> 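Pasting a structure here, questions to come.
Atoms within a ligand are numbered from 1 in the order they appear, just like the ligands themselves. All values reported here derive from a predicted model rather than from experimental measurement.
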Amino acid sequence: MIFRSLIATQDRWLFPTGLSWDAPRVRNSLDAPVANESPYAVIATTAPYSRADAVKLIRPRSWPRDAVRKYFRCQARREYEAAQQLAAWGIPSIPVHGWGVALAPRARYESMLLMTYQPGCQNARRYLEAQPDSVTQWRLLEAIAADVAAIYARGYHHNDCHLGNVLVDGTGNRTWIDNELRLIRNVKQLAHRFEQTLILLDRSLKQAVPAAMKQAFQARCRELLRQTQTGSR
Ligand SMILES: Nc1ncnc2c1ncn2[C@@H]1O[C@H](COP(=O)(O)OP(=O)(O)OP(=O)(O)O)[C@@H](O)[C@H]1O
Ligand SMILES: [Mg+2]
């Protein structure tokens, strides 16, 4: 059975998270209405299944690395675990309901994440660009700075920490998506990763807010990290 799955050209999936998706549902999700398409992922909305009404279909990035790694820790699993970890720390993250991995090594999607669709959102940069009120802008940036500090204070690096991965709804509430966390035990390395993340955040802000606010945001991230680290000692 497993062997046949491995060599099958059609999509065969394994859902180890308890949320079993029947075969027609998987097939349907592969052709479901596309909400967003990027080089490495398709976000599709589906008929609700349990609480999941959206799937992220993830394409392999590099061959053969992803084809091998997916049998141990596929991308959807990493995102699923990171979203749950962030939620446990009180950081608003996308509700995730399960993940599946495509069994065939050459499958067109390596894995899929089942999640809740967040309607009426835009990413944090677009939200800030469209928001002329500097108090509202700063409120969001400060909340994001607190999230970032909380992650690094716990010794974790966020692999894709930029404003394109924070969804904001009409009332200014944020949701972290596309999460991947890595525990970094070496203090120097963690500090280096934190600096890289600050650069990524700064770049992803582009010109959405004035230069002074961009600087204040960087300073606030550093300050909150220092405070959190001192407080937890
Ligand atoms: N649960 C969701 N609800 C609503 N929109 C979503 C959801 N998940 C993803 N999106 C939309 O799809 C886009 C891409 O999702 P995601 O960041 O997870 O994939 P990605 O492969 O990293 O894409 P990109 O390279 O564009 O960042 C998001 O910027 C967002 O607009
Ligand atoms: Mg993304």
> Counting heavy atoms not belonging to R51, are there more than 12 under 6.0 Å from its CZ?
no
> Is it true that Y152 and T228 share a donor-acceptor pair across their side chains at a distance under 3.5 Å?
no
> Within this structure, what is the SG-CG distance for the pair C74 and L14, rounded to the nearest 0.5 Å?
9.5 Å
> Looking only at non-hydrogen atoms, find the nearest pair between L225 and A153 and report the distance.
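Between these two residues, the closest heavy atoms are CD1-N, 3.4 Å.
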> Quick one: does T116 get within less than 4.0 Å of ligand 1, heavy atoms only?
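Yes; T116 lies near enough to ligand 1 that a heavy-atom distance drops under 4.0 Å.
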> Look at atom 10 (N) of ligand 1 and say which protein heavy atom is nearest, naming residue and atom and giving the distance to 0.1 Å.
I43 CG1, 4.0 Å
> Which bit of A54 gets closer than 4.0 Å to ligand 1, counting heavy atoms only: side chain, backbone, both or neither?
neither
> Identify which of R126, E37, Q118 has a heavy atom lying nearest to atom 2 (C) of ligand 1.
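Looking at heavy atoms only, Q118 sits closest to atom 2 (C) of ligand 1.
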> Can you name the closest pair of heavy atoms from I151 and I91 and give their distance?
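Residues I151 and I91, closest heavy atoms: CG1-CD1, 3.8 Å.
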> Taking Q137 for the side chain and Q131 for the main chain, is one N or O donor matched with an acceptor at less than 3.5 Å?
yes
> If the plane angle is over 60° it's perpendicular, under 30° parallel, otherwise tilted; pick one for F15 and W21.
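The arrangement is tilted - the two ring planes meet at 30° to 60°.
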> Starting from atom 28 (C) of ligand 1, which protein heavy atom do you reach first, and at what distance in Å?
I177 CD1, 3.5 Å
> Would you check whether I94 reaches within less than 4.0 Å of ligand 1, judged by its heavy atoms?
yes
> Answer side chain, backbone, both or neither: which part of N123 comes under 4.0 Å from ligand 1, heavy atoms only.
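No part of N123 comes within reach of ligand 1.
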> Contact between I58 and ligand 1, counting heavy atoms under 4.0 Å?
no
> Ring pair (Phe, Tyr, Trp, His ring centres under 6.0 Å), that's the test. Do Y156 and W89 meet it? Break it down for me.
CA-CA 12 Å; Y156 283 82; W89 293 336; 5.2 Å; yes
> Do the side chains of V34 and I43 get nearer than 4.5 Å, heavy atoms only?
no
> With respect to H158, which candidate in L181, D147, T197 satisfies the side chain to side chain contact (heavy atoms under 4.5 Å, CB included) definition?
L181
> For a quick test of reading the model, state the closest non-hydrogen atom pair linking A124 to V168 and the distance between them.
CA-CG2, 3.8 Å
> Tell me the protein heavy atom at minimum distance from atom 6 (C) of ligand 1, and give that distance in Å.
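The protein heavy atom lying closest is L167 CD1, 3.9 Å.
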> Evaluate side chain to side chain donor-acceptor pair (under 3.5 Å) for E79 paired with Q75, printing each intermediate quantity in order.
CA-CA 6 Å; E79 291 192 24; Q75 177 73 34; 2.9 Å; yes
> Which residue supplies the protein heavy atom nearest to atom 18 (O) of ligand 1, what is that atom called, and how far is it?
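Among all protein heavy atoms, the one nearest atom 18 (O) of ligand 1 is K56 NZ, 2.7 Å.
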> S38 to ligand 1: N or O pair under 3.5 Å?
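For ligand 1, there is an N or O atom that lies under 3.5 Å from one belonging to S38.
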> Identify, for atom 8 (N) of ligand 1, the protein heavy atom at the shortest distance, and state residue, atom and that distance.
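Residue, atom and distance for the closest contact: M115 CE, 3.4 Å.
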> Any atom of ligand 1 sitting under 4.0 Å from a heavy atom of A35?
no
> For ligand 1, which atoms sit closer than 4.0 Å to a heavy atom of N165?
17 (O), 27 (O)
> For atom 14 (C) of ligand 1, find the nearest protein heavy atom and state the residue, atom name and distance (0.1 Å precision).
N36 OD1, 3.6 Å
> How large, to 10°, is the angle at the Mg ion (ligand 2) when you draw lines to OD1 on N165 and to OD2 on D178?
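That angle is 90°.
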> At a 4.0 Å threshold, what atoms of ligand 1 neighbour a non-hydrogen atom of A41?
21 (O)
> Should you measure from each heavy atom of G164, which atoms of ligand 1 turn up under 4.0 Å away?
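In order of number, 29 (O).
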> Between D178 and ligand 1, does any nitrogen or oxygen pair lie at a separation below 3.5 Å?
yes
